[in-house]
Trainee: 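One structure, pasted below without further comment.
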Amino acid sequence: MLVIVLRGPAILGVIGQGTLGAITAVVIAGLLIGHALGGPDPRTRGVLASATIYRHPAIALILASGLGMQPEDGVIGTVLLYMLVSLLLSRPYERWRRRVIAA
């Protein structure tokens, strides 16, 4: 949470460039694709859908840094924004999935 607060300006800096819409589309598509390819078991579907959208932000930052250079604020903001959007959009899916498994 501290990282989000400290890097808040970097996150806000990338929102107005269409990044939020693109990230939202990628997360929703990932949930739908993971759910569709997860097989007939609702538990498997949920696990694959979650695994499809959750990415390790440290790996993204390492790849973005290239040859040991510090990633720009825009890259850091985009990675953190992806992390926030995936967490927020996965919550309703997770709640729905728990109801399906319980039924």
Side-chain angles (χ1 to χ4, degrees):
M1 186 64 156
L2 182 61
V3 173
I4 304 294
V5 172
L6 293 175
R7 293 297 186 159
I11 296 170
L12 293 174
V14 298
I15 288 179
Q17 301 170 5
T19 309
L20 181 60
I23 289 173
T24 301
V26 166
V27 170
I28 290 171
L31 281 171
L32 292 172
I33 291 168
H35 183 83
L37 296 177
D41 186 357
R43 291 173 293 219
T44 308
R45 286 178 168 218
V47 170
L48 187 57
S50 295
T52 302
I53 65 164
Y54 290 129
R55 306 286 192 265
H56 197 288
I59 292 174
L61 290 174
I62 289 169
L63 292 173
S65 67
L67 301 172
M69 298 167 44
Q70 286 284 48
E72 298 175 12
D73 279 345
V75 172
I76 294 170
T78 302
V79 170
L80 292 175
L81 182 61
Y82 181 90
M83 199 171 70
L84 286 172
V85 169
S86 62
L87 286 171
L88 290 174
L89 291 180
S90 68
R91 294 302 172 221
Y93 174 77
E94 294 291 333
R95 277 189 235 120
W96 172 75
R97 189 173 65 94
R98 284 190 195 118
R99 283 194 301 252
V100 168
I101 290 172

Trainee: Between Ile101 and Pro42, what is the shortest heavy-atom contact and its length?
Mentor: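 Smallest heavy-atom distance, with atoms named: CG1-CB, 3.9 Å.
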Trainee: Identify the heavy atoms of Arg45 and His35 that sit nearest to each other, and give their distance.
Mentor: NH1-NE2, 3.1 Å
Trainee: Looking at every non-hydrogen atom in both residues, tell me the closest pair between Gly46 and Tyr93 and how far apart they are.
Mentor: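 Nearest pair, atom of Gly46 first, then Tyr93: CA-OH, 3.4 Å.
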Trainee: Output all residues satisfying side chain to side chain contact (heavy atoms under 4.5 Å, CB included) with Thr24, sequence neighbours left out; order by chain, then residue number.
Mentor: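 Result, side chain to side chain contact (heavy atoms under 4.5 Å, CB included) vs Thr24: Leu20, Ile28, Val85, Leu89.
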Trainee: Give the C-alpha distance, both sets of side-chain angles, the deciding distance and a yes or no for side chain to side chain contact (heavy atoms under 4.5 Å, CB included) between Tyr82 and Val27.
Mentor: CA-CA 8 Å; Tyr82 181 90; Val27 170; 3.8 Å; yes
Trainee: Roughly how far, to the nearest 0.5 Å, is the CG atom of Leu88 from the CE atom of Met83?
Mentor: 10.5 Å
Trainee: Using a 4.5 Å cut-off between side-chain heavy atoms of Ile, Leu, Val, Met, Phe, Trp and Tyr, which other residues end up in the same hydrophobic cluster as Ile33?
Mentor: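 Members besides Ile33, by chain and number: Leu37, Leu48.
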Trainee: Calculate, to the nearest 0.5 Å, the distance between atoms CG and CD1 belonging to Leu87 and Ile53 respectively.
Mentor: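 With rounding to 0.5 Å, CG (Leu87) is 8.0 Å from CD1 (Ile53).
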Trainee: Decide salt bridge (charged side-chain N to carboxylate O under 4.0 Å, His left out) for Glu94 and Arg91; before the verdict, give the C-alpha distance in whole Å, the side-chain angles of both, and the deciding distance to 0.1 Å.
Mentor: CA-CA 5 Å; Glu94 294 291 333; Arg91 294 302 172 221; over 6 Å; no
Trainee: Only distances under 3.5 Å count here; give the side-chain donor-acceptor pairs of residues 5-16 to other protein atoms, sequence neighbours excluded, each with its distance to 0.1 Å.
Mentor:
residue, atom, partner, partner atom, Å
Arg7, NH1, Asp73, OD1, 2.9

Trainee: Same hydrophobic cluster for Tyr54 and Val47, using side-chain heavy-atom links shorter than 4.5 Å among ILVMFWY?
Mentor: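 Different clusters.
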